Amino acid sequence: MEDKPVKDGSQSSPLFGGHQSWKQRERSFKLSSSMKVHCGFMHNGGADMDPVDIKYVEKCRFVVASGIFDGYDVPHQPSNISDRSKELFCFLMVVDEISLEFIKENVTVWEDHNRGQWVGIWRLILLKHSPYDEPRRNGKVPKILTHRLFPQAQYSIWIDGKMELIVDPLQILERYLWHGKNTFAIAQHKHHRSIYEEADANKRRKRYARPLIDLHMKIYYYEGMEPWSPKKSTVSDVPEGAIIIREHTAMSNLFSCLWFNEVNLFTPRDQLSFGYVVYRLGGAFKFFMFPNCEYNSLFVLHPHTREHSSKVEWVKSLSEFKGNGSSMKESRGGLGMWTPYPADLKSVVLPKVVRTSKAG
């Protein structure tokens with residue numbers, strides 16, 4: 001659909017995530033048999049796929065998807081893939097322009113007779129016109145909105161670009177979806193169960209601007225998101241987001257849209273918003289969170305070829321965004337941080353965080 005610019009004219013170009021108001025956001029968590037929600041891909045908002053690739057993915061019912069953005073990885077070839085999985089699955093590596101050039105310089109890319117580009121088993125899917133200033137946020141488009149990029153997919157397995165898959169994807173679907181009759185599976189975080197603990201770790205590791213992480217968490221705490229405790233029905237509020245296993249049901253797709261909207265509005269640290277969306281859906285969204293030790297048996301983890309960094313990660317106070325520092329603000333994402341929240345957050349005091357792991 002077309003994006004509707006705000007009336008004050010402060011945003012001239014269309015936004016990939018649209019201009020979601022606080023009222024629209026609140027309404028999106030109220031389940032109905034028929035719903036209209038933001039879910040990225042606004043017309044002229046960026047993340048454009050080549051028609052050749054659009055045609056190719058129309059045949060993909062089973063998908064293993066991954067992504068490389070900002071040129072910090074090269075594709076790692078999966079191993080132990082059965083002949084049946086090679087016939088059944090599309091292995092789709094989503095890249096931006098910078099990463100495509102980086103990959104071409106470092107590994108062999110071959111082109112088929114339909115202009116499709118390949119690295120081994122991976123079909124490279126180029127997303128032109130990156131929708132966000134922040135490469136980490138761009139990477140959330142194929143990761144969370146897999147069902148929007150590949151609308152014919154019935155099942156998908158997302159793996160981060162730094163991972164080398166070493167287990168047959170059919171076995172993964174059997175173990176994590178079909179055996180327990182699940183539609184969505186994700187690994188538990190290795191160290192944290194509370195989003196406030198994860199937020200604290202993100203600040204210490206400079207994964208995003210500290211004051212913006214605090215503002216993000218203040219909004220969630222004001223809206224009733226309590227720290228994780230054994231009283232909660234979920235194993236944890238914090239996932240290990242490097243693998244997501246999905247059947248693309250209506251509920252799974254809706255959850256993915258709502259999760260993406262939070263990433264679009266606030267920080268690109270998707271682990272902070274996963275548990276919040278689960279909480280807002282009030283138990284209606286069922287998922288399987290499996291032990292982190294199993295996650296380690298599915299992949300070999302490779303280091304990035306270089307670490308991504310951006311100016312916003314080093315910001316220590318909101319005053320640094322004023323004046324000349326305004327250039328550090330993301331202009332197309334995280335706009336919920338700069339749109340006045342419809343309540344006073346000054347009195348909100350975040351829960352005290354006790355570190356439960358030295359590594360975390």
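This one's a predicted model, so the numbers in the text were calculated from it and none came from an experiment.
The distance from the CG atom of Asp168 to the CG atom of Leu88 is 9.5 Å, given to the nearest 0.5 Å. Note that the CD atom of Gln20 and the SG atom of Cys39 stand 10.5 Å from one another [nearest 0.5 Å]. The distance from atom NZ of Lys322 to atom NZ of Lys329, rounded to the nearest 0.5 Å, is 9.5 Å. In this structure, CE on Met93 lies 4.5 Å from CH2 on Trp122, to the nearest 0.5 angstrom. Summarising the geometry, atom CG belonging to Leu92 is positioned 4.5 Å from atom CZ belonging to Phe150; distances are rounded to the nearest 0.5 Å. One finds the CG atom of Leu281 at 7.0 Å from the CZ atom of Phe29 (value rounded to the nearest 0.5 Å).
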Open item on the list: With side-chain contact (heavy atoms from CB on, under 4.5 Å) as the criterion, how do Ile245 and Phe288 come out once you've worked through the C-alpha distance, each side chain's angles and the decisive distance to 0.1 Å?
Closed with: CA-CA 10 Å; Ile245 306 157; Phe288 177 41; over 6 Å; no
Task: Verdict with reasoning, Glu223 to Tyr276, per side-chain hydrogen bond (donor to acceptor under 3.5 Å, both in side chains) - done: CA-CA 9 Å; Glu223 294 179 345; Tyr276 172 81; 2.3 Å; yes
TODO: Would you sort out whether Ile243 and Met163 count as a side-chain contact (heavy atoms from CB on, under 4.5 Å), showing the intermediate values?
DONE: CA-CA 9 Å; Ile243 175 171; Met163 318 298 288; over 6 Å; no
Open item on the list: Between Phe299 and Leu301, does the side-chain contact (heavy atoms from CB on, under 4.5 Å) criterion hold? Intermediate values first, please.
Closed with: CA-CA 6 Å; Phe299 306 99; Leu301 175 61; 6.0 Å; no
Open item on the list: Checking Leu170 against Trp178 for the side-chain contact (heavy atoms from CB on, under 4.5 Å) test, could you report, in this order, the C-alpha distance in whole Å, the side-chain angles of both residues, the deciding distance, and whether it holds?
Closed with: CA-CA 10 Å; Leu170 273 175; Trp178 299 333; 3.9 Å; yes
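A donor-acceptor pair is defined here as one N or O able to donate and one able to accept, closer than 3.5 Å; such a pair exists between the side chain of Ser252 and the backbone of Glu247. Side-chain N or O atoms of Asn261 include none that pairs as donor or acceptor with a backbone N or O of Arg25 at under 3.5 Å. For Asp96 (side chain) and Asp70 (main-chain N/O), a donor-acceptor pair under 3.5 Å exists by modelled atom type. Not one N or O on the side chain of Asn44 forms a donor-acceptor pair closer than 3.5 Å with the backbone of Pro14. A donor-acceptor contact shorter than 3.5 Å links the side chain of Glu320 to the backbone of Ser317. Although no hydrogens or angles enter the test, the distance criterion places no donor-acceptor pair under 3.5 Å between the side chain of Arg210 and the main chain of Arg207. Between the side chain of Lys286 and the main chain of Gly283, a donor-acceptor pair closer than 3.5 Å is present. Panel note: side chain Ser32, backbone Met35; no donor-acceptor pair is recorded below 3.5 Å. Panel note: side chain Gln188, backbone Pro291; no donor-acceptor pair is recorded below 3.5 Å. No donor-acceptor pair closer than 3.5 Å links the side chain of Trp158 to the backbone N or O of Arg246.
Of all non-hydrogen atoms in Ser256 and Ile144, the two that sit nearest each other are O-CG2, 3.2 Å. Smallest separation of non-hydrogen atoms from Val141 and Pro131: CG2-CG, 4.2 Å. Across all their heavy atoms, Lys162 and Asp73 have their closest contact at N-OD2, 3.9 Å. Scanning both residues, Val263 and Ser273, for their nearest heavy atoms gives CG2-OG, 3.7 Å. Here the closest heavy-atom approach between residue Leu350 and residue Lys218 is recorded as CD2-N, 3.6 Å. In terms of heavy-atom proximity, Leu272 sits nearest to Glu198 at CD2-CG, 3.6 Å.
Both the sub-6.0 Å distance and the 45° axial angle are satisfied by Lys59 relative to the ring of Tyr56.
Counting heavy atoms from C-beta on, the side chains of Ile125 and Leu149 never come closer than 4.5 Å. Residues Leu318 and Leu212 have side chains in contact (heavy-atom distance under 4.5 Å, counting atoms from C-beta outward). Inter-residue side-chain proximity for Asn114 and Lys55 is flagged as unmet; no heavy-atom pair is nearer than 4.5 Å. Between Gln152 and Val57 the shortest side-chain heavy-atom distance does not fall below 4.5 Å.
Under 4.0 Å is where a charged nitrogen must lie from a carboxylate oxygen, and between Glu87 and Arg84 at least one such pair does. Ion pair Arg204/Asp200 flagged as a salt bridge, since at least one NZ, NE, NH1 or NH2 atom sits closer than 4.0 Å to an Asp/Glu carboxylate oxygen. Between Asp112 and Arg123 a salt bridge is recorded (basic side-chain N to carboxylate O distance below 4.0 Å). A salt bridge does not link Glu226 with Lys231: none of the charged nitrogens is closer than 4.0 Å to a carboxylate oxygen. For the pair Glu262 and Arg280, the salt-bridge criterion is not met [side-chain N within less than 4.0 Å of a carboxylate O].
Aromatic rings from Tyr220 and Tyr279 are positioned such that their centres are separated by 6.0 Å or more. Between Trp259 and Phe285, the ring centre distance reaches or exceeds 6.0 Å. In this structure, Phe274 has its ring center closer than 6.0 angstrom to the ring center of Phe255. Taking the six-membered ring wherever Trp is involved, the centroid distance between the rings of Phe41 and Phe16 falls below 6.0 Å.
Within a 6.0 Å radius of NZ in Lys128, more than 12 heavy atoms belonging to other residues, nucleotides or ligands are found. At most 12 heavy atoms of other shown residues, nucleotides or ligands fall within 6.0 angstrom of atom CG in Asn324. In Tyr222, the OH atom is not crowded: 12 or fewer heavy atoms of neighbouring residues, nucleotides or ligands sit closer than 6.0 Å. Crowding of Lys190 atom NZ: a count of heavy atoms from other residues, nucleotides or ligands under 6.0 Å not exceeding 12.
Among Glu313, Gln271, His216, Arg269, the one residue that satisfies the side chain to side chain donor-acceptor pair (under 3.5 Å) test with Asn202 is Arg269. Of the residues listed (Gln77, His76, His302), the one engaging Glu164 in a side chain to side chain donor-acceptor pair (under 3.5 Å) is His302, and it is the only one.
With hydrogens and angles left out, the side-chain atoms of Ser82 and Ser85 include a donor and acceptor closer than 3.5 Å. Counted by atom type alone, His248 and Ser156 present one or more donor-acceptor pairs between their side chains at under 3.5 Å. No hydrogens or angles considered: a donor-acceptor pair under 3.5 Å links the side chains of Tyr176 and Glu294.
Grouping the Ile, Leu, Val, Met, Phe, Trp and Tyr side chains by contacts below 4.5 angstrom, directly or via other members, places Val353 apart from Trp228. A continuous path of Ile, Leu, Val, Met, Phe, Trp and Tyr side chains, each step under 4.5 Å between heavy atoms, connects Val300 with Ile157, placing both in one hydrophobic cluster. In this structure, Ile166 is a member of the same hydrophobic cluster as Leu298, with clusters built from ILVMFWY side-chain heavy atoms closer than 4.5 Å. Taking hydrophobic clusters as Ile, Leu, Val, Met, Phe, Trp and Tyr residues chained together by side-chain heavy-atom distances below 4.5 Å, Leu345 shares a cluster with Met217. Using a 4.5 Å cut-off between side-chain heavy atoms of Ile, Leu, Val, Met, Phe, Trp and Tyr, with links allowed through other members, Ile219 and Ile213 fall into the same hydrophobic cluster.
By the 30° and 60° cut-offs, the orientation of the rings of His192 relative to His189 is parallel.
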